[in-house]
Amino acid sequence: MRAKISLFGQLTDIAGNNIIVVDDVADTDALAQAVNKLYPAMAGIKYIIAIDKKPVHTNTALNEAVNIALLPPFSGG
Amino acid sequence: MRAKISLFGQLTDIAGNNIIVVDDVADTDALAQAVNKLYPAMAGIKYIIAIDKKPVHTNTALNEAVNIALLPPFSGG
Amino acid sequence: MSEHRIKNIFVNGPIDASFIGDSIAKHRSKTEIGGHSIFLGQVRADIIEGKKVQAIDYTAFEEMANEQMHQIREAVFEKYDLTCMHIYHSLGKIAVGEICLFVFTSSAHRKAAIDACAETVERLKSTLPVWGKEILEDETYQWKVNK
Amino acid sequence: MSEHRIKNIFVNGPIDASFIGDSIAKHRSKTEIGGHSIFLGQVRADIIEGKKVQAIDYTAFEEMANEQMHQIREAVFEKYDLTCMHIYHSLGKIAVGEICLFVFTSSAHRKAAIDACAETVERLKSTLPVWGKEILEDETYQWKVNK
């Protein structure tokens, strides 16, 4: 499937955008691989993948309906 | 010696006064005995004796120059 | 189930000290409270590679952060006997010396208020999707990293 | 040796929320601060043998309390990397819902501010010669006992 991904924090600097689109990703592992290939600088950042506003810590299947976001390390407060 | 003693908190209720005087007390142990005899209700209260604004935890000699205070359990804040 | 609804913790710009004072004053009628614990985050003038931070520009994944905060709130209310909890986090450019985080817990007894406040601060720092961009004096910037 | 002088922590009557707000605002210029921790004691409407507390009347051995507080301050500054500490305690009759204790610590980093505030509250509660007389709704009273 084609995944539309929201970016935050320093990831937006790397991509030069708040949203990126990657093709042919069936699950979150494939998504991370595709993203890191497209933007090698992202591979060096320990980002979390969030699906529908929840952090995902194991490989998870994707579908067109889900909301995908990449979250670099938090620095609130 | 004659000791002039400042009272605080509930001890002032028992004595009906902020200051009491006891005679013939050479040290803090003798002072506590004299006070508890004069005001038996004070014997049931775990007060601390302060000499010159410092709590005293072992028997301490008294002299006319020191400031003596009896402090019932604290309840500030 | 919980009575708490998901609240919006975000405010645009710094948190005024007078807002904090007003929040405290509102608790006067809650006479079951014996202790309040408050944590305030203030933007610090760190020196980064010889340049002074002049502001932090905060952004967040707001919807997710509010949901995460809701979960923290539920867990903390479950663990401690609290009367109330209020949380505010700034968004946008906050100058050094300004308040960017306000965590406020109240309880009948001090221990619950103090422990709940400390735990809430730690949890929100580690789990809320919020990012601070440190704006340096020469207008360059660096993404902040929480310790 | 210490730079701190013995301060008077006592104020007559309740501590206004606006005073707390103003105290916070004064720290805006201290841009080395990253976190503030505040504890507030509020007079609680406890029920004692069926009667509601309507106020606490605080008295203190003021000179000794200020000396003891000075020692606590020195010990806490020694232990934690603090920027500043402010303490205020009410004297006189404080109605339920009013603030009677204000402990305020600030540091570059949150942990020092939070831990120092919590420790200061515990230490002052156990060592300051201050007494609260709980005034009940029928004007009888009972001497308060700290837990």
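All chains are named by letter (A, B, ...) in the order of the sequence lines, taking the proteins before the strands, and each is independently numbered beginning at 1.
The shortest distance between side-chain heavy atoms of Phe39(C) and His36(D) does not fall below 4.5 Å.
Asp81(C) CG: 12 or fewer foreign heavy atoms inside a 6.0 Å radius. The 12-atom threshold is exceeded at NZ of Lys125(D), counting heavy atoms of other residues, nucleotides or ligands nearer than 6.0 Å.
Listed in order of number, the residues of residues 129-140 of chain C that approach chain D to under 4.5 Å between heavy atoms amount to none.
Interface remark: Lys52(C) contributes no atoms to any contact with chain D (heavy atom separation under 4.5 Å). With a 4.5 Å cut-off on non-hydrogen atoms, Ser29(C) does not touch chain D at all. Contact of Ile33(D) with chain C is made through backbone and side chain together, with heavy-atom distances under 4.5 Å. The contact between Val43(C) and chain D is made entirely by backbone atoms, counting heavy-atom distances below 4.5 Å.
Each of Asp16(C), Ile38(C), Ile99(C) was scored for a side chain to side chain contact (heavy atoms under 4.5 Å, CB included) with Ile24(D), with one residue passing: Ile99(C).
Proximity of a side-chain donor or acceptor of Arg44(C) to a complementary backbone N or O of Ala108(D) within less than 3.5 Å is detected. Although no hydrogens or angles enter the test, the distance criterion places no donor-acceptor pair under 3.5 Å between the side chain of Gln42(C) and the main chain of Ser107(D).
Taking His27(C), Glu122(C), Arg110(C), His109(C) one by one and counting their heavy-atom pairs under 4.5 Å with chain D, the maximum is reached by Arg110(C). Most heavy-atom pairs under 4.5 Å with chain D, from the set Val103(C), Asp115(C), Val96(C): that is Val96(C).
When all heavy atoms of Gly21(C) and Ala17(D) are compared, the closest pair comes out as O-CB, 3.3 Å.
Residue pairs that meet the salt bridge (Lys or Arg N to Asp or Glu O under 4.0 Å) test with at least one member in residues 17-42 of chain D, sequence neighbours left out, are Glu98(C)-Arg28(D).
Atoms CD1 and CD1, on Ile114(D) and Ile114(C) in that order, are 11.0 Å from each other to the nearest 0.5 Å.
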